[in-house]
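Below you'll find the structure, written out as structure tokens, and then a few comments.
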Protein chains: 2
Amino acid sequence: MNQNSARETACGKKLKYHHGALRPALLEAAEKILLEDGIDALSLRALARATGVTQAAPYSHFRDKDELLAAVAEQGFQRLALAMVESATGQTAARARIERLITAYIRFAVGNDQLFRLMFSPALSDMRNHPTLAMTAGKSYALISAVLAKRENADPEETRFQTLAIWSLCHGLAQLIMDDRVNIEQFGTADIAGFVRRAVGLFAAQLA
Amino acid sequence: MNQNSARETACGKKLKYHHGALRPALLEAAEKILLEDGIDALSLRALARATGVTQAAPYSHFRDKDELLAAVAEQGFQRLALAMVESATGQTAARARIERLITAYIRFAVGNDQLFRLMFSPALSDMRNHPTLAMTAGKSYALISAVLAKRENADPEETRFQTLAIWSLCHGLAQLIMDDRVNIEQFGTADIAGFVRRAVGLFAAQLA
DNA sequence: CCTAAAAACTGAACGGTGCCAAGATCAGCG
DNA sequence: CGCTGATCTTGGCACCGTTCAGTTTTTAGG
């Protein structure tokens, strides 16, 4: 029907029948929409529009919307882990490393709150459907755990417990800040790093 | 057009043109659907169906879906605060009260996870649109804060900080358990109360 | 190189959703 | 009684996720 196989868009760009790299383009567009318009605007149809393709095209690359969101979330977890690692490099003391890791975690959540919310969205929390996501998501936990496990005389069970406690504090605080249920500036330590340092101080004795 | 003004349903019940108490009926139906079918099934149209009314009827009582959800969430916060208070009655020691409050908080989250997620849903987190919700939501924070503030020589700023730390730990843990990112049973203390007691122990020294 | 199978994409449709404007009904009050 | 305002219905809009039959392009095998 269309012997030319090229279509025109409003902006005049030529589009081939085959996009060629639709999958990464969709993921990129997803992050952009997430950043600019929020998670409510993140629909498959909007993604199709943004990549210049019809609504059904994404189904060649993702079984359903959840699978696409899981892929976006996985990218997010990778970036989160990277940010944490980078932030802690150069620190050798256990306490300093922990503080850096947590601060990076919370900073990431606050700075990419729509993405962070997606990463911990209930729709994706059933990891049985997204096995690779489960692996990636465990990375940030592992980073904290590793620091605690490297101490002398570290009891494995005690380490697991402390890791969970720290992660909970950190995750909860991130959540509360994102939801505007807490105003971090009402504390003397005006920024997140200061607050974290103070919070870690609360159980510093037990971490030694 | 309909001179009788009564309609028949499949089950044969007579329905008046005016429901009479639609607002509370909607809220009740919402909690039921939330409990039985999850938050994804909670649509205005489903609520209308459940209360035997047409799709547009709810708009006489709520400006939009968010306003209805906010009302449901507010009921949830009230029940949460009640559960916390009841769970802590009889305890006088600060540490025991804190432990009870937190345990009740987490138990509520785990036992009503769909409702809890709604209560902390991002859609509702912009409290400017739901002023009464904001008040009710602050209750659980106030309960923890009050215990800490009643200590001798309690520095107000330090109290605020500790309250936030405890609340974060508690909220984060609840979130992680709900999302199945943590298996509480892998800790010696098999239940939530035991874990909380141990966690509070981490900064017990600072709470005295 | 040619062809057949596989993959990518289109176009149209289905049922569901939130929301809205217009009208019908009803309760309470002058 | 008639009026008014609140409540509810009817019908419709735009959007969503998903499916399906069919078309186009790429890829793999001879």
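Here is the naming used below: chain letters follow the sequence lines, and residue numbers restart at 1 for every chain.
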Practice task
Take the angle between the ring planes of B:Phe116 and B:His171 and call it parallel below 30°, perpendicular above 60°, tilted in between.
Solution key: tilted
Practice task
List the atom of B:Ser125, the atom of A:Arg117, and the distance in Å for their closest heavy-atom pair.
Solution key: OG-NH2, 4.2 Å
Fill in the blank from the handout: Rounded to whole Å, the CZ-C1' distance (B:Phe62 to D:dT7) equals 14 Å
Practice task
Determine yes or no for a side-chain-to-main-chain donor-acceptor pair under 3.5 angstrom, with A:Gln114 supplying the side chain and A:Ile39 the backbone.
Solution key: yes
Exercise for the section: Whole angstrom is fine here: how far is it from CG in B:Leu26 over to P in C:dG18? Expected result: 12 Å
Completion exercise
Picking from C:dT17, C:dG11, D:dT18, the nucleotide nearest the side-chain atoms of B:Arg49 would be C:dT17
Handout entry: Contacts of type side-chain hydrogen bond (donor to acceptor under 3.5 Å, both in side chains), residue A:Arg49, not counting sequence neighbours
Key = none
Problem - Donor/acceptor link under 3.5 angstrom from B:Gln55 side chain onto base of C:dC19 - result: yes
Practice task
Measure from the side-chain heavy atoms of B:Ser60 and tell me the nearest of D:dT7, D:dT18, C:dG18.
Solution key: D:dT7
Practice task
Round to a whole Å and report the spacing from CG of B:Asp64 to P of C:dT17.
Solution key: 17 Å
Completion exercise
Sorted by position of nearest nucleotide on DNA chain C, 5' first, the leading residue of A:Leu22 and B:Ala46 is A:Leu22
Practice task
State whether B:Tyr141 and A:Arg181 meet the cation-pi test: NZ (Lys) or CZ (Arg) under 6.0 Å from the six-membered ring centroid, and within 45° of the perpendicular axis.
Solution key: no
Tell me which donor-acceptor pairs under 3.5 Å the side chains of residues 65-81 of chain B have, and how far apart each pair is, sequence neighbours excluded?
residue, atom, partner, partner atom, Å
B:Lys65, NZ, B:Leu42, O, 3.1
B:Glu67, OE1, B:Arg63, NH2, 2.8
B:Glu67, OE2, B:Arg63, N, 3.2
B:Glu74, OE1, B:Thr132, OG1, 2.8
B:Glu74, OE2, B:Thr132, OG1, 3.3
B:Glu74, OE2, B:Thr136, OG1, 3.2
B:Arg79, NH1, B:Glu31, OE1, 2.8
B:Arg79, NH1, B:Glu31, OE2, 3.3

Problem - Of residues 31-45 of chain A, the positions that come close to DNA chain C - non-hydrogen atoms, cut-off under 4.0 Å - result: A:Arg45
Completion exercise
Among C:dT17, D:dT7, C:dG11, the one nearest any side-chain atom of B:His61 is D:dT7
Problem - Nearest-nucleotide pick for A:Tyr59, side chain only, options being D:dC8, D:dC15, D:dG17 - result: D:dG17
Problem - Flag for A:Arg45-A:Gln55: side-chain donor and acceptor within less than 3.5 Å - result: yes
Handout entry: Separation of atom CG in A:Leu47 from atom C1' in D:dC16, rounded to whole Å
Key = 13 Å
Exercise for the section: For A:Lys65 and C:dG16, give me the distance from atom NZ to atom C1', rounded to whole Å. Expected result: 14 Å
Exercise for the section: Look at all strands and tell whether B:Arg23 reaches a base, only sugar-phosphate, or nothing, counting heavy atoms closer than 4.0 Å. Expected result: nothing
Handout entry: Which nucleotide in C:dT10, D:dT9, D:dC15 has an atom nearest any side-chain atom of B:Val53
Key = D:dT9
